[in-house]
**Q** 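The structure follows.
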Amino acid sequence: MAGPVVVVGDILLDRDVEGVVNRLCPDSPVPVLDESTAVDRPGGAGLAAVFAAGLGAEVALVTALADDEGGARLSTLLAAAGVQVYALPLRGATPEKIRLHARGRVLLRHDRGGPAGEPGEPSEAALRLLASASAVLVSDYGRGVARQPALRCALAATRAPVVWDPHPRGPAAVPGVHLATPNESEVRELVKTGPGASRLATASRGAQELRRRWRAGAVTVTLGGDGALLCHAGSTPLVVPAPASAEGDTCGAGDRFAATASIALSRGALVSEAVQAAVTEASAYVEAGGVATALPPPARPVPVTGSRPGGGDRVGVGAAAAVVAAVRAAGGTVVATGGCFDLLHAGHVATLEAARRLGDCLVVCLNSDAGVTGLKGPDRPVVPQGDRGRLLAALGCVDAVLVFDEPTPQAALTWLRPDVWVKGGDYATGGGEPGLPEAELLSRWGGHTVVVPYLDGRSTTDMIAAARAGGGTTGSGDRVPGPPPGVAVGVDVAAAKGTR
């Protein structure tokens, strides 16, 4: 099959905080960690998806994202890793795992996010994705995605090989999976065994029982640095030893194992070959330093994870999350548009007003200063993002402003999941919606991309050129170039890439 490797499961936000301990807290005998660095990364099914993408596969992730800062941050990290996200709505907060490190050792893990929220229904696009996958990895972290009824039906019906990485709090694997990959502790929780049995006997009995219970083609039990035990056809298990004894951080080794096995199966490998490849890859991963060295350089902190200074209470992820959550709770329609909005003029206002009339709220995705510079050159923007955000938020037709750094708003849209994405009429190509770059992205959650009329004769670029020709100044000075006669100050509704 030629489709992508699809990962299905619960996503977490993992944060590794590194610091130095050189004193105790004065009011309690506990160490004080002075933070020096912090790195965010996708956890749970998100980590498995990032690993699969890093191993060269085309990867799509079906998961649930909350309307909060954690969900926005995860969208950005996954987009940076090249993972396509098909998001289900998630009630509640994004689960976070924060590990505090000093001198390479974990001092404390702080979990937050509360009880697992209930994932919403998958889109038709997500269900079609499972039908066309080359392999499916269910990375269950016990928070509900693997239990979602429509997804389970699609998983049972797909013709792709399915790898199921279970969790003791999660549901049983759907019948007929090709390979289940529990570790030793998970097997002991899932299959109660009597005391006194050897390690291999416990793993073998557990694997055989899970294979029978789940009607799975094969079950492999990962044994840490000793490799894995595989129970498939026949009564004699196959022991796959690790190529070398590796010591180090094992966080994520199970995800690495499952991702590698899934990719091997997608390329036609036998189950035994896939397990051998997974043992080799997981061992090399631990030996090389684990998650700290296996992931690509972390994406820099991005604007969608917080408000921008000077933007007011209608600018930032918190403002956007509150507006979107309220509209969705009332059964309303969420509309979004985007661009640079460098100088606000009547053309922009007309487009924004038309966009707002299409639904019950309008969120503007605003290119950051760095993003505008990357798109338009070193002499732009003329107006800094704080001022641009404040001007937009002051318009009666704008309910919230979300600032993003990337060249396109893909990560911001994946998190917002608007029902309608609006572009100015100057983007119409005559070919209909499929010609618009965000159309495929919006289709992942059943959204639509539309074009609204754009007033002729209004152009930020022309305004700046005219002002400079007339002697206006730009740059970091206090004086902003004025518009030509008859043109109001405004913003550039450059939708996806802020181009016009």
**Q** Given D14, which partner from the list R73, K97, R112, R99 fulfils the salt bridge (charged side-chain N to carboxylate O under 4.0 Å, His left out) test?
**A**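 Considering R73, K97, R112, R99, a salt bridge (charged side-chain N to carboxylate O under 4.0 Å, His left out) with D14 is found only for R99.
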
**Q** Treating R211 as the side-chain partner and G217 as the backbone partner, does any N or O pair qualify as donor plus acceptor under 3.5 Å?
**A**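 Side chain of R211 to backbone of G217: a pair is present.
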
**Q** Answer yes or no: is there a donor N or O on one side and an acceptor on the other, between the side chain of S443 and the main chain of G446, under 3.5 Å?
**A**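 No, because the side chain of S443 does not come within donor-acceptor range (under 3.5 Å) of the backbone of G446.
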
**Q** Do F257 and Y285 have ring centres separated by under 6.0 Å?
**A**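 No, the ring of F257 stays outside the 6.0 Å limit from the ring of Y285, centre to centre.
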
**Q** Tell me, do T76 and E406 make a side-chain contact under 4.5 Å, heavy atoms counted?
**A**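 SC-SC contact between T76 and E406 confirmed.
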
**Q** Can you find a side-chain donor-acceptor pair between T222 and N183 that sits under 3.5 Å?
**A**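 There is no such pair (donor and acceptor under 3.5 Å, judged by atom type) between the side chains of T222 and N183.
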
**Q** I'd like to check L402 versus L366 (side-chain heavy atoms, cut-off strictly below 4.5 Å). Are they in contact?
**A**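 The answer is no; the side chains never approach within 4.5 Å.
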
**Q** Considering only heavy atoms from C-beta outward, does the side chain of V32 approach that of V21 to under 4.5 Å?
**A**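 A side-chain contact under 4.5 Å is absent here.
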
**Q** Find the distance between OG1 (T94) and CG (L74) and round it off to the nearest 0.5 Å.
**A**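 Interatomic distance, T94 OG1 to L74 CG, rounded to 0.5 Å: 6.0 Å.
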
**Q** Which pair of heavy atoms, one from A81 and one from A53, lies closest together, and at what distance?
**A**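 Answer, listing the atom of A81 first, then A53: O-CB, 3.7 Å.
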
**Q** Let me see the working for T181 and D165 under side chain to side chain donor-acceptor pair (under 3.5 Å), right down to the final yes or no.
**A** CA-CA 5 Å; T181 62; D165 194 8; 3.2 Å; yes

**Q** Would you say the side chain of N367 lies within less than 4.5 Å of the side chain of F404, judging by non-hydrogen atoms?
**A**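 Contact flag for F404/N367 side chains = yes.
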
**Q** Main chain of A253, side chain of T250: is a donor-acceptor contact present, judged purely on distance under 3.5 Å?
**A**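 No; zero donor-acceptor contacts below 3.5 Å.
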
**Q** Verify side-chain contact (heavy atoms from CB on, under 4.5 Å) between Q84 and V59, making sure each step is shown before the conclusion.
**A** CA-CA 6 Å; Q84 306 168 33; V59 179; over 6 Å; no

**Q** Below 4.5 Å, heavy atoms only, C-beta onward: do L108 and L33 meet side chain to side chain?
**A**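 Side-chain contact under 4.5 Å: no.
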
**Q** Mark yes when over 12 heavy atoms from residues, nucleotides or ligands other than E124 sit less than 6.0 Å from its CD; otherwise mark no.
**A**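 12 or below, so no.
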
**Q** With a cut-off of 6.0 Å (strictly less than), are more than 12 heavy atoms of other residues, nucleotides or ligands near CZ of R205?
**A**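 It does not: R205 CZ has 12 such atoms or fewer within range.
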
**Q** Would you confirm whether R152, through its side chain, and A146, through its main-chain N or O, come within 3.5 Å as a donor-acceptor pair?
**A**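 Here the side-chain-to-backbone pair exists.
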
**Q** Can you tell me how far the CD atom of E58 sits from the CD1 atom of I263, to the nearest 0.5 Å?
**A**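 Reported value, rounded in 0.5 Å steps: 12.0 Å.
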
**Q** So for atom CZ, which belongs to R215, do other residues, nucleotides or ligands contribute more than 12 heavy atoms lying within a distance under 6.0 Å?
**A**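 Counting neighbours around CZ of R215, 12 or fewer heavy atoms of other residues, nucleotides or ligands fall under 6.0 Å, so no.
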
**Q** Is the closest side-chain heavy-atom distance between P42 and F51 below 4.5 Å?
**A**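 The answer is no, as the side chains (C-beta and beyond) never meet within the 4.5 Å cut-off.
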
**Q** Among D419, D67, T333, find the residue that satisfies the side chain to side chain donor-acceptor pair (under 3.5 Å) test when tested with R328.
**A**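 The option that passes is D67.
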
**Q** What pair of heavy atoms forms the shortest contact from A261 to A274, and how long is it?
**A**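 Here A261 and A274 meet closest at O-CB, 3.8 Å.
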
**Q** Might you point out which heavy atoms bring L61 and G46 nearest each other, and give the distance in Å?
**A**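 Shortest heavy-atom contact: CD2-CA, 4.1 Å.
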
**Q** To the nearest 0.5 angstrom, please state how far the OH atom of Y141 sits from the OG1 atom of T63.
**A**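 Y141 atom OH to T63 atom OG1 measures 11.5 Å (nearest 0.5 Å).
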
**Q** For residues P161 and S134, report the shortest heavy-atom separation together with the two atoms involved.
**A**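 So the two residues come closest at CD-O, 3.3 Å.
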
**Q** Is it the case that the side chain of W214 and the backbone of A180 share a donor-acceptor pair, with hydrogens and angles ignored and the cut-off at 3.5 Å?
**A**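 Not confirmed, W214 side chain does not pair with A180 backbone.
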
**Q** Is it the case that the side chain of S75 and the backbone of A412 share a donor-acceptor pair, with hydrogens and angles ignored and the cut-off at 3.5 Å?
**A**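 Answer holds: no.
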
**Q** Under 6.0 Å from the CZ atom of R91, do we count more than 12 heavy atoms belonging to anything else shown?
**A**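 No, not enclosed.
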
**Q** Is there a side-chain contact between P243 and V279 in this structure, where contact means two heavy atoms from C-beta onward sitting under 4.5 Å apart?
**A**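 They are in contact (side-chain heavy atoms under 4.5 Å apart), so the answer is yes.
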
**Q** So V187 and E209, do their side chains get closer than 4.5 Å, heavy atoms only?
**A**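 E209 vs V187: side chains apart.
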
**Q** Between atom CZ of R199 and atom OG of S204, what is the distance when rounded to the nearest 0.5 Å?
**A**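 That separation rounds to 13.5 Å.
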
**Q** Would a distance-only check, ignoring hydrogens and angles, find a side-chain to backbone donor-acceptor pair under 3.5 Å from R417 to W415?
**A**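 Yes: the side chain of R417 pairs with the backbone of W415.
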
**Q** Got a donor-acceptor contact below 3.5 angstrom from the T158 side chain to the A154 backbone?
**A**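 Flag not set: sc T158 to bb A154 has no pair under 3.5 Å.
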
**Q** Return the CG to NE2 distance between L270 and H232, rounded to the nearest 0.5 Å.
**A**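 Atom-to-atom, L270:CG and H232:NE2 are 8.5 Å apart.
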
**Q** Is a donor on one side and an acceptor on the other found under 3.5 Å between the side chain of T337 and the backbone of V364?
**A**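 Not a single qualifying donor-acceptor pair exists.
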
**Q** Before you tell me yes or no, could you show the steps for L223 and E184 under side-chain contact (heavy atoms from CB on, under 4.5 Å), namely the whole-Å CA-CA distance, both residues' side-chain angles and the distance that decides it to 0.1 Å?
**A** CA-CA 6 Å; L223 305 172; E184 287 183 275; 3.4 Å; yes

**Q** Go through V163 and V136 one step at a time and tell me if the side-chain contact (heavy atoms from CB on, under 4.5 Å) criterion holds.
**A** CA-CA 6 Å; V163 176; V136 179; over 6 Å; no

**Q** Are the side chain of S132 and the backbone of L129 linked by a donor-acceptor contact shorter than 3.5 Å?
**A**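 Yes, the answer is positive, given that a donor and an acceptor are paired below the 3.5 Å cut-off.
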
**Q** Using every non-hydrogen atom in the two residues, find where L65 and G71 come nearest and quote the distance to one decimal.
**A**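 Closest approach of L65 to G71: CD2-O, 4.2 Å.
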
**Q** Would you say the side-chain atoms of Q148 and E118 include a donor-acceptor pair closer than 3.5 Å?
**A**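 E118 and Q148 do not have a side-chain donor-acceptor pair below 3.5 Å.
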
**Q** I need the minimum non-hydrogen distance between A64 and P119, along with the two atoms involved.
**A**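 The answer is CB-CB, 4.1 Å.
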
**Q** Apply the test side-chain contact (heavy atoms from CB on, under 4.5 Å) to residues L179 and T220: give CA-CA distance (whole Å), side-chain angles for both, the deciding distance (0.1 Å), then the verdict.
**A** CA-CA 7 Å; L179 178 65; T220 184; 3.8 Å; yes

**Q** What's the spacing between L77 CG and L13 CG if we round to 0.5 Å?
**A**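 Those atoms lie 7.0 Å apart.
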
